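Bear in mind that the values here come from a model prediction, so they are computed numbers and not experimental data. Naming convention: chains lettered A, B, ... in sequence-line order (proteins, then strands); numbering from 1 in each chain.
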Amino acid sequence: MAAAVGVSLALAGCGPAPGDPSRQVGPNPYLPPIHQYLLPPMHVAKVVGWNGATPIVPAGLKVQAFATGLANPRSLYVLPNGDVLVVETGGPPGPVSRPKELVMNLVEKMAHSRTKPGQRILLFRDTKGDGVPDQKSVFIDHLNSPFGVVLVGNDLYVANTDAVLRYPYATGQTQITDPGVKLCDLPGGPIDHHWTKSLTASPDGSELYAGVGSNSNITENGIQAEVGRASIWQIDRTTGAHREYATGLRNPNGLQFEPQTQVLWAVINERDELGPDLVPDYLTSVKDGAFYGWPYSYYGQHLDPRVQPQRPDLVAKAIAPDYALSSHVAPLGLVFYSGSNLPEHYRGGAFVGEHGSWDRAVLNGYKVVYIPFADGRPSGPPEDVVTGFLVDGDQARGRPVALAVDGKGALLIADDTGNSVWRVSAAH
Amino acid sequence: MASATPRSTLTLGGRPLHAMLVPIPIMCFAGTLITDIVYWQTAAMLWADMSDWLLLAGLIVSVIAVPAGLIDFLGDARIRKLRAAWIHAIGNVTAIILSIFNCLIHTRDAYTSVVPSGLILSALVVVILLVTGWNGWALVYRHGVGVRQTEQP
């Protein structure tokens, strides 16, 4: 019987081999047939830390540690005066409703650093102008799984996992003691499967946009748990009144307005357990009132057999996203570059931070890529810019999350597993 | 004093351990079929979750119940002379292997964790258990396996 179990477990991992990710980038990614598993592939990169090493960048760029020894930094925001806000955060523990969740909680633990997240925002100031901060303060403390931050005028908005808060901010402030005011609730616990609430503001400052991820992989917590989720919310920043701006987006993050066309873009984490190359994560413009498929379908009308009952009416109007990034790269950061510090090659396009895969035999992601834009749309394939997060094939020194551009035009990268923030600028 | 009927080797206070424990996985796997059918018809997630727990509980208790039965099977040659014992043993081992596959299929997310493969396996296991159960009852009530013979007053 032991032999039978052994054989069956060996068979359980059977499935299609991971393909070449370059087949799955751009507007028309190759989409293989669906494969479902006895045991889905799982490959967690062992966390080994940086130990003094730094990420790798191509010639023409240099990378330095902006801050180290942090407590799970995941998000960034640069204030107009150049002060950098770093959000130390982590998600709430989810309830266990089936045995699989016991296993998944263990897997999650293995994939991240052991550091307890700070649940606060730190402020870093560089008074000497050398790119490395020399002042640090606790800007706002005692937050609840914060992620998105945006300043509009003198109002600083912070998206906790369960609410958008507003704080008064004066230029030069290093600490906010005001308790803040709740602008509106966001869908939070008790499950809160995808808990990062990305936040940005419309160019005219009248509306906020919040990314609200789904409460499951593919409705396995029940469809009721998904009310208000898998969507981007548009929130009136004075009244807190809100509506779902776009839906069917499984886990939208990195909400950013493209500078030239003033169109909202985001990076989306698509679903798991349909194969190593399904479903590709993507970067897309977000159209008002559009439905992007989750959970019923993906990339337009490709049906997901795991969802019952189906909704053919919604699937019929599902639109395909603009630009695939390949499968399971876990994009969490997006920033458009309109600065002039970095070489010409990197101007006008978008940087995407790929947190990296856990459910693919061959790891994917674990890097920051650059996608050129022209006339407000992607104009070429992604190219690796910041790598070295993986060593020895499958060990993680760090994992990039959110991105930002600092006051001097350098690219900042929040690295939660490496507990650092990296700064990429032009090499001199 | 040799027993007149085949004896159970692994006993607790004279009571066969296998017989004591085996109703638990039987009911767990029977329960799984019921919750799978209800999930298939309603797509309400609580039923699929219940199937997951029942399958796991059945397999965990089987870790003791099945080897206990195997010990009895090997412990008295008279048992191995009974055809019912072979059907019971091979059938139940098959049911456990299928239940391990079933448990893995049930780890998928949402509808395809049950429909169609999970449901088919659950039904197959129950059919096997009906056959092995029929033979198990024969072992005890027709052949007296594990039953102590006492003198009538």
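- The only option from Ile100(B), Leu104(B), Asn102(B) that meets the side-chain contact (heavy atoms from CB on, under 4.5 Å) definition with Leu38(A) turns out to be Leu104(B).
- Heavy-atom contacts from other residues, nucleotides or ligands closer than 6.0 Å to CH2 of Trp358(A) number more than 12.
- Inspection of non-hydrogen atoms places Asn217(A), Ile218(A), Thr219(A), Glu220(A), Asn221(A), Gly222(A) of residues 215-224 of chain A under 4.5 Å from chain B.
- One distance of note links CD of Gln308(A) with OH of Tyr39(B); it measures 8.0 Å at 0.5 Å rounding.
- Counting non-hydrogen atoms of neighbouring residues, nucleotides and ligands closer than 6.0 angstrom, the CZ atom of Arg15(B) reaches no more than 12 such neighbours.
- The shortest side-chain heavy-atom distance between Asp109(B) and Glu273(A) falls under the 4.5 Å cut-off.
- To the nearest 0.5 angstrom, Ser113(B) atom OG is 6.0 Å from Arg98(A) atom CZ.
- Under a cut-off of 6.0 angstrom, the local environment of CG in Leu102(A) is crowded, with over 12 non-hydrogen atoms contributed by other residues, nucleotides or ligands.
- Annotation: side chain of Pro99(A) is in contact with side chain of Trp53(B) (closest heavy-atom distance under 4.5 Å).
- Contact check for Arg306(A) versus Arg108(B): no side-chain heavy atoms found under the 4.5 Å cut-off.
- For Leu56(B), the part sitting under 4.5 Å from any heavy atom of chain A is the side chain, from C-beta outward, and nothing else.
- Contacts of Ile34(A) with chain B are absent, with no heavy-atom separation under 4.5 Å from either backbone or side chain.
- Under the side chain to side chain donor-acceptor pair (under 3.5 Å) criterion, the residue pairs touching residues 128-148 of chain B are Asn92(B)-Thr132(B), with sequence neighbours excluded.
- Interatomic distance, CG of Leu39(A) versus CZ of Phe101(B), reported as 10.0 Å (0.5 Å rounding).
- The number of heavy-atom neighbours closer than 6.0 Å to CE of Met27(B), taken from other residues, nucleotides and ligands shown, is 12 or below.
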